[in-house]
Protein chains: 2
Amino acid sequence: MNGLNDGPSEQVMRRQASPSGPAESEGGLPEQAWTLLFELLHTHMRNFPALAAEFELSPVQAHVLRQLGEGALAMSTLANYLSCDASNVTGLVDRLEARGLVERKSSEQDRRVKMLVLTEAGAELRGRLMARLSAPPPLIAAMPDEDLAALRDIMRRALKTQ
Amino acid sequence: MNGLNDGPSEQVMRRQASPSGPAESEGGLPEQAWTLLFELLHTHMRNFPALAAEFELSPVQAHVLRQLGEGALAMSTLANYLSCDASNVTGLVDRLEARGLVERKSSEQDRRVKMLVLTEAGAELRGRLMARLSAPPPLIAAMPDEDLAALRDIMRRALKTQ
DNA sequence: TATTGTTATACTCTATAACTATA
DNA sequence: TATAGTTATAGAGTATAACAATA
């Protein structure tokens, strides 16, 4: 188990929206919209370790599995993706390899490079992880269809323009 | 420095949208909308350690400062908020206290409890951190006003209903 | 010479378990 | 007895620095 208190024994002291950001009414339109998204975002970030722990993965390991689904990746590319030093990736991959989730394959073109690929077990675990990650959180699930469609269209445009 | 490669010496190998989730067209409206938001979310999550490092904070320390801005918090409440064991909070607060950012104050009502408050320096740092966190990311900043207003209104409704 | 990955070392974050001081 | 916080210990994530193999 990882990243969680077991019991619901706590006095929760729930807070209203925006426990952190500036008043939502401040700033221009981008700030107003972002401040609200920020809420959802940080709630999700807070829950991510617990979500990864459901699969007995650390948050970083979950990121690695997520990324590795796209195909083979050089260790250095992974280090870059994770914004961490290459020396970390060695240990990170050691542990994933020990669990039989990934494999190192030496590159033929450049024998310094080691490519990472998911094992069958790794791909299976990744599939379950991705399904879990892709399940809309309650706040999204509760939205009316009209808002969901608008949100989808807005995000489609934004990601396309990017 | 923390959580970052220094140079832009890497071959970036950028990917298109959705490096992870299921096809965006799958599922119902909630899944479609969520899959797109998911993209933005994980990009933000990936950058969070680097962002915290700009203030020489670990990601967790940044979360603590963010949360502590709302007022005094018992150590146990903070542990609950962070979804971590109480024993971690001791060390976490030790380090923040050593840097002069927070203070422990014994509660008068229950002398077992220690309340955490920001010092003046802590409040100042938190202010700069929050300003940085609240700055809309490029993807949001580039949205047309019409989409921003719609997004804001949708999120307002969602957070209110919650 | 420069780059890829490893090893060595040190610090932070995390968990569990045993302890203390209060309640 | 139960709870809030600490201490002790161990494993994982992170950084820097030095290194081997390869380019």
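In what follows, every chain begins at residue 1, and chains take the letters A, B, ... in the order their sequences are listed.
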S.K.: Measure from CG on B:Leu82 to P on C:dC13 and round the result to the nearest Å.
M.R.: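 It works out to 11 Å between those atoms.
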
S.K.: Please tell me which of the listed nucleotides, D:dT16, C:dT6, D:dG13, lies nearest to the side chain of A:Gln61?
M.R.: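 Of the candidates, D:dG13 comes closest.
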
S.K.: Only counting residues at least two apart or in another chain, list the ones meeting side-chain contact (heavy atoms from CB on, under 4.5 Å) with A:Leu41.
M.R.: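 A:Leu41: side-chain contact (heavy atoms from CB on, under 4.5 Å) contacts with A:Trp34, B:Leu41, B:His44.
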
S.K.: Is any side-chain N or O of A:Ser58 closer than 4.0 Å to OP1 or OP2 of D:dA12?
M.R.: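 Negative; the distance criterion is not met.
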
S.K.: Rounded to whole angstrom units, what separation is found between the CG atom of B:Leu57 and the P atom of C:dT12?
M.R.: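 Atom CG in B:Leu57 sits about 13 Å away from atom P in C:dT12.
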
S.K.: Rounded to whole angstroms, how far apart are CD on B:Glu56 and P on C:dT12?
M.R.: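 Those two atoms, CD and P, are 13 Å apart.
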
S.K.: Nearest-Å distance, CG (A:Asp85) to P (D:dC19)?
M.R.: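 That distance rounds to 17 Å.
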
S.K.: Could you list the residues that satisfy side-chain contact (heavy atoms from CB on, under 4.5 Å) with A:Ala52, not counting sequence neighbours?
M.R.: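 Scan of A:Ala52 (side-chain contact (heavy atoms from CB on, under 4.5 Å), adjacent residues dropped) gives A:Leu57, A:Ala62.
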
S.K.: Sequence neighbours left out, what passes side-chain contact (heavy atoms from CB on, under 4.5 Å) with A:Asp145? Give chain and number order.
M.R.: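 A:Asp145: side-chain contact (heavy atoms from CB on, under 4.5 Å) contacts with A:Leu148, B:Leu29.
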
S.K.: Identify, with sequence neighbours excluded, every residue that meets side-chain contact (heavy atoms from CB on, under 4.5 Å) alongside B:Glu124.
M.R.: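 Listed in chain order: B:Arg128.
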
S.K.: Which sits closer to the 5' end of DNA chain D, A:Gly91 or B:Ala74, going by the nucleotide each is nearest to?
M.R.: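 Result of the comparison: B:Ala74.
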
S.K.: Between A:Phe48 (CZ) and C:dT14 (C1'), how many Å, whole number?
M.R.: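 Rounded to whole Å, this separation is 16 Å.
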
S.K.: Counting just side-chain N and O atoms, does B:Ser87 come under 4.0 Å of either OP1 or OP2 of D:dT6?
M.R.: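 Answer no for this pair, as no side-chain N or O of B:Ser87 is under 4.0 Å from OP1 or OP2.
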
S.K.: Taking donor-acceptor contacts at under 3.5 Å, does the side chain of B:Thr90 reach the base of D:dT7?
M.R.: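 Answer no: no donor N or O sits under 3.5 Å from an acceptor.
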
S.K.: Could you check how far OH of B:Tyr81 sits from P of C:dT14, rounded to whole Å?
M.R.: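 Atom OH in B:Tyr81 sits about 13 Å away from atom P in C:dT14.
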
S.K.: Show, in sequence, the C-alpha distance, side-chain angles and deciding distance for B:Leu129 and B:Leu51, and conclude whether the side chain to side chain contact (heavy atoms under 4.5 Å, CB included) test is met.
M.R.: CA-CA 9 Å; B:Leu129 173 67; B:Leu51 197 153; 4.2 Å; yes

S.K.: Given a cutoff of under 4.5 Å between side-chain heavy atoms of I, L, V, M, F, W and Y, with clusters grown through shared members, what are the other residues clustered with B:Val117?
M.R.: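 In the cluster with B:Val117 there is nothing else; it is isolated.
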
S.K.: When clusters are formed by joining ILVMFWY residues with side-chain heavy atoms under 4.5 Å apart, either directly or through shared neighbours, do B:Leu37 and A:Met130 land in the same one?
M.R.: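 Looking at the clustering, A:Met130 is in the same group as B:Leu37.
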
S.K.: Rounding to an integer number of Å, can you tell me how far B:Asn88 CG sits from D:dA10 P?
M.R.: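 In whole Å, D:dA10 P and B:Asn88 CG are 17 Å from each other.
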
S.K.: Donor-acceptor pair under 3.5 Å: do we get one between A:Ser76's side chain and the base of C:dT3?
M.R.: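 No, the side chain and the base share no sub-3.5 Å donor-acceptor pair.
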
S.K.: Output the residues of residues 92-114 of chain A in contact with DNA chain C, where contact means a heavy atom of the residue under 4.0 Å from an atom of the strand; sort by number or write none.
M.R.: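 Heavy-atom contacts with DNA chain C come from A:Arg104, A:Arg112, A:Val113, A:Lys114.
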
S.K.: Checking contacts here: which listed nucleotide (C:dT6, C:dC13, D:dG13) is nearest the side-chain heavy atoms of A:Val60?
M.R.: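 When the side chain of A:Val60 is considered, D:dG13 is the closest of C:dT6, C:dC13, D:dG13.
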
S.K.: Without decimals, in angstroms, what is the distance between A:Met115 CE and C:dG5 P?
M.R.: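 Taking atom P of C:dG5 as the reference, CE of A:Met115 is at 9 Å.
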
